[in-house]
Structures are given as C-alpha cells and as structure tokens.
Amino acid sequence: MAGGFVSQTPGVRNYNYKLTPKVFVTCFIGAFGGLIFGYDLGISGGVTSMEPFLEEFFPYVYKKMKNAHENEYCRFDSQLLTLFTSSLYVAALISSLFASTITRVFGRKWSMFLGGFTFFIGSAFNGFAQNIAMLLIGRILLGFGVGFANQSVPVYLSEMAPPNLRGAFNNGFQVAIIFGIVVATIINYFTAQMKGNIGWRISLGLACVPAVMIMIGALILPDTPNSLIERGYTEEAKQMLQSIRGTNEVDEEFQDLIDASEESKQVKHPWKNILLPRYRPQLIMTCFIPFFQQLTGINVITFYAPVLFQTLGFGSKASLLSAMVTGIIELLCTFVSVFTVDRFGRRVLFLQGGIQMLISQIAIGAMIGVKFGVAGTGNIGKSDANAIVALICIYVAGFAWSWGPLGWLVPSEISPLEIRSAAQAINVSVNMFFTFLVAQLFLTMLCHMKFGLFFFFAFFVVIMTVFIYLMLPETKNVPIEEMNRVWKAHWFWGKFIPDEAVNMGAAEMQQKSV
Ligand code: BGC
C-alpha cells in the first residue's frame with residue numbers, strides 16, 4: 001500500500017492506515033472541546049484577583065486583601081471566593097455522569113454539542129452577572145458544559161486516531177486545554193487594566209467564543225466508527241473507517257470493531273459490569289489516575305498563580321504576567337508529549353515528569369519556607385521571587401509532558417467498548433471532584449499548612465510515581481480494542497483477566513460465567 005503504514009505492535013494485530021487530512025482535521029476540531037475547559041481554568045484565577053470584581057461581589061475579601069498584610073499566607077482565604085471557582089467542578093462532576101449515556105446512545109458529537117451549548121448560556125450569565133446568584137448559576141452551567149465535553153472529547157479522539165498515533169492525537173485535547181488557559185490569561189492581563197466593572201465582565205463573557213467554536217465544530221464532525229457501529233450504522237461505520245484511514249483495506253480493524261461492539265451489546269449494565277473482577281485494572285486506573293493528576297497540585301498554579309504571585313509580593317500586573325509565562329511554558333511543553341508519547345511510551349513520560357515535579361516542589365516549598373517562615377511575614381527579594389517563578393516553570397513543564405496529557409489519554413484508551421463510557425464518566429467525575437477539592441481548599445490549606453503545602457503535594461507525587469512504575473503497563477501503539485492482552489501480560493493485573501478474555505469477547509465470557 002503506497003504511502004501507507006502498517007502498525008507494528010508485537011502480540012497484537014496490525015492494521016493498515018494512511019495519515020489522512022480528514023483524520024487530522026476531524027481531530028483538530030474535536031480537540032476544540034478542550035478549549036472551553038481551558039478557558040475557564042485560566043480565567044477564574046485572574047478574575048478573582050481583580051479588585052473591581054472582589055469589591056462588587058466579595059467586599060469582605062477585598063477589605064482583607066487591602067488591609068491585612070500581617071500574614072501573607074491567609075491574604076485571600078475565603079470560602080465564598082473559592083466557591084466561585086470550585087462550584088463549576090461539582091456541576092461538571094454531575095453532568096459527566098449523564099453525559100456518559102448521551103455519548104453512548106446518541107454518539108460522541110452530540111455530547112460535545114450539548115457541552116458547548118450549556119457553556120454558552122453559562123458565559124452569558126457570568127458576563128452580565130448582577131449578583132452572586134447569577135455568578136454561581138453561570139458557573140454551574142459552565143460546569144455542565146465542561147462535564148459533557150470532557151466526557152466525550154478524549155474518547156472521540158482515541159477512537160478516531162490510528163492506534164500508532166493515538167497518544168499524539170489524544171494529546172490534542174490537552175493542547176487545547178492549555179491553549180484555552182493561555183488565551184484566558186492574556187485576556188485577563190488586558191482586562192485587569194480596565195477601569196470599573198467592564199474588565200471582569202469581558203473576561204467572563206468571552207467564554208462564549210470557545211463555546212460557539214465547539215458547537216459549530218460538533219455539528220460538522222462525523223461520529224467515530226466505533227460509535228456508529230455501537231448504534232447500528234454498520235455500513236456508514238465502514239465507510240467512515242475507510243475514509244479516515246485513507247485505504248479500503250480496513251477489514252481487519254473493522255472486524256475487530258464489530259467484534260468489540262457485538263461483545264459490548266451483550267453487556268447490559270456497564271456500571272455494574274465495571275465492578276466485575278475482569279475490569280478491575282480499568283476501574284482502579286480510572287479512579288486513581290485522575291485522583292493523582294489533581295494531587296500533583298497543578299491547579300494550585302492554574303487557578304491561583306496570580307494570587308500566589310501576589311502572595312510572593314508581586315504587584316497585580318506582574319502577577320498576571322507571570323501567570324501568562326507559566327501558561328505559555330505549559331503549552332510549549334505539552335508538545336513534547338505530543339511528539340514523544342507514541343515513541344517513548346506513556347510510562348517514561350509519567351516517571352520522568354513525576355521526578356521533575358517532585359524536585360521542583362521541594363525546592364519551592366523550601367524557598368518559601370525560608371523567606372516567609374511559619375508566621376508568613378517577611379519580604380521576598382526580587383531575585384528570590386524570580387527564582388521561585390523559574391522553579392514553578394520547571395514544575396509546570398514536568399506536568400505538561402506527563403500527568404497533564406496522560407491523565408486524559410490513559411483512562412480513555414484502556415477500557416473495552418462495553419465499559420468505555422462508564423469508565424470515562426468515572427475518570428471525569430473523579431477528576432472534577434478533586435479539582436473541586438483543591439480549588440475549594442487551596443487557599444485555606446495555604447493559610448494553615450503554609451509552605452508545607454508544597455511538601456504535601458510532593459508526597460503524593462512520590463506515591464503516584466511508584467504507582468505508575470508498579471501498576472501501569474505500557475499501552476503505546478496497542479489497538480484500543482486489543483487492550484486486554486496488555487493487562488493479561490502484567491505481573492499484577494494478569495490474574496484478574498481470564499485467559500479467554502484475550503481471545504474471547506465479553507459476550508462469550510458472560511455466557512460462560514452463567
Ligand atoms: C487537568 C486540569 C489542569 C490542566 C492544566 C488538565 O489536564 O485536568 O486540572 O488545570 O490540565 O494544567
């Protein structure tokens with residue numbers, strides 16, 4: 001097959017494919033789904049450090065910020081202020097559970113569309129907010145949007161991508177998230193300089209732009225072959241597979257998709273089934289990977305970088321500028337993962353990134369500890385503050401090519417079709433739950449744990465790195481419907497996977513077990 005590839009993965013079937021423009025364009029548009037999440041992640045921190053916003057909705061925090069300089073660690077501590085940031089994640093958690101049914105029954109694209117739509121309405125509520133209630137309702141609608149998009153987009157990308165390049169394509173989601181964060185930070189930088197209430201309104205209201213992008217994108221996107229088969233459109237699925245793989249010789253991959261779908265149809269209750277021992281590796285991974293991703297502490301930087309930099313004594317403008325720099329570094333470093341994840345594999349990136357984050361967190365905690373001590377008083381010199389910013393950048397870079405993209409990639413690629421939507425829903429809801437906890441508790445934790453907070457996250461980075469080393473087999477280049485072979489070969493998980501599961505489908509397995 002001229003210009004084509006045959007994927008070479010020992011122990012699993014190899015499929016024919018060409019890299020078609022169609023698969024690129026489709027995945028590019030699909031990845032837009034990450035923009036709404038990213039825009040929100042990036043906008044909240046900056047808005048909550050804008051004085052007119054605080055004065056309007058959180059006068060208590062505003063007063064405290066203006067007056068109390070005696071304890072830097074507690075300057076922004078307010079449950080109501082953090083509720084503004086974190087309420088979105090509770091809504092996202094709940095909606096991802098519904099989204100799993102919509103994604104399965106109506107296809108991936110309609111979940112994305114719905115995500116864009118609710119996000120759009122939420123942005124209007126926020127941009128025109130007159131009181132806290134409007135703000136919170138807006139946040140909840142935005143959260144519904146994020147839940148739908150995060151549930152469907154990673155699965156969409158993993159299913160569309162040729163197996164050998166699944167990592168790179170799926171990482172498009174994380175690139176879009178970070179791109180959204182960077183754009184939001186840049187917007188905040190400019191709107192923060194506007195007088196009166198117009199600045200924060202523009203920041204919050206502009207969330208409608210990525211919302212419209214994903215809505216239009218979802219309307220023109222085709223659905224994945226896997227989802228078409230799952231919903232009975234077998235002929236269309238084959239044509240779709242041929243057109244995205246750029247060859248008519250897709251019989252082998254197509255047959256595997258059909259087999260996987262037949263098997264999954266016999267499994268009536270994905271939520272009950274995922275509890276069966278044979279799905280134990282997927283269940284554990286889809287719970288622990290998002291948990292650990294949040295316990296890297298990344299969102300302390302994402303949400304509160306401007307607040308953190310102000311705590312370090314930077315002015316409001318310099319704080320937003322520094323947040324912009326860390327965002328741009330995160331974006332650039334995510335490409336390291338895009339270009340290496342299918343060559344070096346997931347494990348190498350997880351382990352290297354973990355060690356890098358660990359070292360930088362310990363250094364950040366130690367420096368802040370030395371400068372501010374336990375009392376949280378004192379001043380930090382310019383060069384020390386710059387050194388801390390540099391360390392934060394090293395930490396962010398480590399996250400950007402490891403837990404950031406892989407936290408979405410691995411859970412979306414390890415589950416067989418019959419539990420995929422449920423597994424992804426668990427992944428998103430666990431992720432959102434811990435995003436919520438970190439967002440809600442960070443300022444209080446900073447106030448109480450002080451610089452020890454960085455050691456707290458470093459401790460979890462040690463645990464997660466050991467966890468990956470021992471428990472996660474390499475999944476690069478393995479066709480998504482062939483993943484059982486990998487689990488079967490693993491020293492620990494192997495015993496949960498019955499021999500037949502590697503050759504036999506879920507349907508036969510179920511019949512056998514009755
Ligand atoms: C995480 C987010 C994080 C973002 C940017 C994503 O993979 O899920 O919680 O804010 O990366 O760092």
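Every number for a ligand or one of its atoms is a count from 1 in the order of the listing. In this chain, numbering begins with 1 at the start of the sequence shown. Since the model is a prediction, treat every value here as computed from it, not as a measurement.
Nearest protein heavy-atom neighbour of atom 3 (C) of ligand 1: Asn299 OD1, 3.3 Å. Shortest contact from atom 12 (O) of ligand 1 to any protein heavy atom: Glu330 OE2, 2.6 Å. Of all protein heavy atoms, the one closest to atom 8 (O) of ligand 1 is Gln293 OE1, 2.8 Å.
Contact atoms of ligand 1 toward Ile181: 5 (C) (distance under 4.0 Å to a heavy atom of the residue). Under a 4.0 Å criterion applied to the non-hydrogen atoms of Gly404, ligand 1 contributes the atoms 7 (O). Shown in contact with Asn431 at under 4.0 Å from a heavy atom are these atoms of ligand 1, numbered in order with element: 8 (O). Atoms of ligand 1 lying under 4.0 Å from at least one heavy atom of Ile298, given by number and element, are 12 (O).
Salt-bridge annotation for Arg166 and Glu159: absent, with no side-chain N of the basic residue lying under 4.0 Å from a carboxylate O of the acidic one. A salt bridge does not link Glu413 to Lys476: none of the charged side-chain nitrogens sits closer than 4.0 Å to a carboxylate oxygen.
Not a single heavy atom of Gly407 lies less than 4.0 angstrom from ligand 1. Using a 4.0 angstrom heavy-atom cutoff, Phe399 counts as in contact with ligand 1.
At a 4.0 Å heavy-atom cut-off, ligand 1 touches Ile178 through the side chain alone. Contacts between Trp408 and ligand 1 below 4.0 angstrom, taking non-hydrogen atoms only, involve the side chain exclusively.
Classified by interplanar angle (parallel below 30°, tilted 30° to 60°, perpendicular above 60°), the ring pair Phe434/Phe291 is perpendicular. Using a 30° and 60° split on the angle between ring planes, Trp110 and Phe113 fall in the perpendicular class, above 60°.
Here the rule is side chain to side chain contact (heavy atoms under 4.5 Å, CB included) with Lys109, and of Ile29, Asp223, Leu219, Thr224 only Asp223 fits it.
Each ring-ring contact (aromatic ring centres under 6.0 Å, His included) pair with one or both residues in residues 385-405, not counting sequence neighbours, appears once here: Phe350-Trp403. A salt bridge (charged side-chain N to carboxylate O under 4.0 Å, His left out) check over residues 31-45, counting only residues at least two apart or in different chains, returns the pairs Asp40-Arg139.
No close placement of the Phe144 and Phe148 rings is indicated, their centers lying 6.0 Å or farther apart.
Geometrically, ligand 1 and Gln174 share a nitrogen or oxygen pair separated by less than 3.5 Å.
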